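On a predicted model such as this, the values are computed, not experimentally measured, just so you know.
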Amino acid sequence: MSKVVTKNSCSYCSPLGASLAFKGIENCITMLHGSQGCATYMRRFLISHFREPMDIASSSFTEETAIFGGGENLKRGLDNIVSQYEPGVIGLASTCLSETIGDDMSFHVREYYKKRENSSTPVIIEVSTPSYKESHAEGFHGAVRSVVDKLAAGESADDGPVTIFPGMVSCEDLRYLKDVFNRFSKSFVMVPDYSETLEGGVWREYQKIPPGGTTVEELKRMGSSAGAIEFSSVITDKQSPAKLLNEKCGVDFKRIDIPVGLSNSDSFFQSLCEMTGTPMPDHYKKERGRLIDAMGDSHKYLFGKRVIIYGDEDFTISLSSFLLEAGLKIVICGSEAKSGKFKTLMTELALKHQCTEINILEGADFGDIEDAAVEAGADLIIGSSKGFKLSKKIDAPLIRVGFPIHDRVGAQRVLHLGYAGALNLLDLITNTIIEQRQSKSSIGYTYM
Ligand code: SF4
């Protein structure tokens, strides 16, 4: 029988992804064209992961606006944001309700600009995010694509920066990438960069819009980039910010898997060396060496261990690659995956590593994953905090990575990318396996 309901979804709301992307632009505030409930849900969700203030405005749909359209509410809301926050940019995302009634957001924004033509109006970046059709991942990419559409200017130039589209990664990952560009002595534009806006220090006075993020001036410079790198295994040209930048400004780009693990990190550094004409800095040669050494050390603990992994398509594919490199056996790999590529890519990966027992669940919710997990059993589960119930059910430890992590602190500081990120994950995984073995043994070993 075909599935008619989703039981405990693995993917989240599309404007939620857009709201996260907009947090990576300096002096930007997000507004949702829809009801207050949508904004509250997304704020609550993102605050629990990042543990930072998260203001998201709303055009506050009521029964009346749902019938007659939300244009007036939108314009009044924009006025309120401008007077209260004085933003440089407003990221405007639609919601299920405004999409369902077919409210023309672009028309309302054009009207708004006309009304304010004599005053300074922030840049308004619109993105269509119908959540009944797409997930948070598509919403995130859609928002970044809209930023390119609105702001990228000029033409590709050999002496220009490298634009990097990192996708949905942690604040620590973004800081790692910035450090990489600095060590390559290459200027860059990161879109988006929420490494400070979503993990700031303490303030003497409350900041309505937290400092940090990529500036509008930097975003305009995307157009004159020497090249661009986009992290994704599944994004289509139609969804891709890098493809749009290429069409608009002639910037060549490389699309590679998120650099989690050894081979994915190798691809990233190789692309960067080629794009910048710079040899690999010693720092990363040493980092790579330490990772390979550590993989050797961990192998006896990890080889053949049965693992369940789930999450966003891009992240799950990249992390699976690393788990297989490290000798683990993936028994279940699940994603709510909307791209239609997940099963094919995971099958190729599993074949490459002779992982024959794998059960790839495409379009899966937690109900599907739980059913399969009870049958398969596992030594370890890796994914977001949403897998805790599953972890209890099959008595296997859960390693929290990716997004969201709602039941632990430090989600922003989990490093996944590059050789350093792989080392971090490797230690985490290996020590969890060792701890499990140690605590279940009645002997009390102190050497493991
Ligand atoms: S799924 Fe739709 S209605 Fe629900 S919070 Fe998201 S945008 Fe709002």
Side-chain angles (χ1 to χ4, degrees), residues 3-9 11-23 28-47 54-87 89-119 121-147 149-150 208 238-239 336 338 365:
K3 207 166 113 181
V4 289
V5 290
T6 296
K7 213 166 96 188
N8 203 358
S9 175
S11 73
Y12 314 103
C13 163
S14 178
L16 188 149
S19 303
L20 177 56
F22 288 137
K23 285 300 281 185
C28 175
I29 184 130
T30 303
M31 180 180 193
L32 300 183
H33 191 38
S35 69
Q36 283 181 343
C38 300
T40 306
Y41 156 65
M42 281 165 235
R43 287 177 53 234
R44 176 74 188 83
F45 201 94
L46 291 167
I47 288 169
M54 179 74 63
D55 286 11
I56 297 178
S58 150
S59 53
S60 257
F61 266 49
T62 58
E63 287 86 345
E64 209 173 81
T65 28
I67 295 165
F68 299 111
E72 285 316 307
N73 276 33
L74 178 61
K75 287 172 222 162
R76 212 175 315 140
L78 287 168
D79 271 341
N80 281 339
I81 294 175
V82 171
S83 65
Q84 287 179 37
Y85 287 85
E86 298 173 34
V89 181
I90 297 174
L92 182 60
S94 60
T95 58
C96 295
L97 186 49
S98 58
E99 289 283 347
T100 303
I101 65 165
D103 216 15
D104 190 341
M105 218 163 59
S106 299
F107 170 77
H108 298 317
V109 170
R110 280 197 303 278
E111 292 284 296
Y112 183 73
Y113 272 121
K114 266 191 225 161
K115 182 183 136 199
R116 289 182 59 94
E117 61 189 348
N118 294 325
S119 54
T121 307
V123 179
I124 301 173
I125 301 173
E126 305 142 50
V127 58
S128 166
T129 42
S131 210
Y132 45 80
K133 201 168 131 205
E134 301 170 336
S135 75
H136 60 293
E138 285 82 23
F140 185 96
H141 293 311
V144 178
R145 198 174 149 92
S146 298
V147 172
D149 191 27
K150 187 83 179 186
K208 285 184 187 164
K238 222 171 142 207
Q239 298 166 321
E336 201 140 337
K338 310 249 178 196
D365 57 23

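You'll find the side chain of Ile29 reaches within 4.5 Å of the side chain of Pro87, heavy atoms only. Looking only at side-chain heavy atoms (C-beta outward), Leu92 and Met105 come within less than 4.5 Å of each other. You'll find the side chain of Asp103 reaches within 4.5 Å of the side chain of Phe61, heavy atoms only. Contact annotation: the side chain of Thr95 never approaches that of Pro130 to less than 4.5 Å [non-hydrogen atoms, C-beta and beyond]. Two residues are said to be in side-chain contact when any heavy atoms from C-beta on lie closer than 4.5 Å; Cys28 and Ile90 fail this criterion. With a 4.5 Å cut-off on side-chain heavy atoms, Lys133 and Glu138 do not count as touching. Contact of the Asn80 side chain with the Tyr85 side chain is not registered, since no non-hydrogen atoms from C-beta on lie closer than 4.5 Å. At least one side-chain heavy atom of Met42 sits under 4.5 Å from a side-chain heavy atom of Leu32.
Pairing each heavy atom of Tyr112 with each of Thr121, the nearest pair is CE2-CG2, 3.9 Å. Of all heavy-atom pairs spanning Gln36 and Ser60, the tightest one is NE2-OG, 2.9 Å. Ile124 and Tyr113 make their closest contact through N-OH, 2.9 Å (heavy atoms, listed as atom of the first residue, atom of the second, distance). Closest approach of Lys338 to Glu134, counting heavy atoms only: CE-C, 4.5 Å. Nearest approach of Cys13 to Tyr41, heavy atoms of both residues: CB-CE2, 3.7 Å. Here the closest non-hydrogen pair linking Gly139 and Thr129 is CA-CG2, 4.0 Å.
Ring planes of His136 and Tyr12: tilted class, angle from 30 to 60°.
Between the side chains of Ser128 and Glu99, at least one donor N or O sits under 3.5 Å from an acceptor N or O. Side-chain contact check for Thr62 and Thr65: at least one donor-acceptor pair (N or O, by modelled atom type) lies under 3.5 Å. Side chain to side chain, Glu336 and Ser135 fail the donor-acceptor criterion of an N or O pair below 3.5 Å.
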Show your reasoning for whether side-chain hydrogen bond (donor to acceptor under 3.5 Å, both in side chains) applies to Ser94 and His33. CA-CA 5 Å; Ser94 60; His33 191 38; over 6 Å; no
Under the side-chain contact (heavy atoms from CB on, under 4.5 Å) rule, what do Glu126 and Val109 come out as? Steps first, then yes or no, please. CA-CA 9 Å; Glu126 305 142 50; Val109 170; 3.7 Å; yes
Would Phe22 and Val89 count as a side-chain contact (heavy atoms from CB on, under 4.5 Å) here? Give the steps. CA-CA 9 Å; Phe22 288 137; Val89 181; 6.0 Å; no
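Here CG of Asn73 is found 11.5 Å from OG of Ser35. Values are rounded to the nearest 0.5 Å. Separating the CD1 atom in Ile56 from the OG1 atom in Thr40 is a distance of 9.0 Å, to the nearest 0.5 Å. Atoms CZ and CG, on Arg43 and Asp55 in that order, are 6.0 Å from each other to the nearest 0.5 Å.
Screening residues 71-87 for salt bridge (charged side-chain N to carboxylate O under 4.0 Å, His left out), with sequence neighbours left out, gives Glu72-Lys75, Asp79-Lys115, Asp79-Arg116.
At least one donor-acceptor pair closer than 3.5 Å links the side chain of Ser131 to the backbone N or O of Ser14. With hydrogens and angles ignored, the 3.5 Å screen pairs no side-chain donor or acceptor of Arg145 with any backbone N or O of Val127. The closest donor-acceptor contact from the side chain of Ser146 to the backbone of Ile125 lies at 3.5 Å or more, if one exists at all.
For Asp365, the side-chain hydrogen bond (donor to acceptor under 3.5 Å, both in side chains) partners are Lys3, not counting sequence neighbours. By the side-chain contact (heavy atoms from CB on, under 4.5 Å) test, Asn8 pairs with Phe366, sequence neighbours left out.
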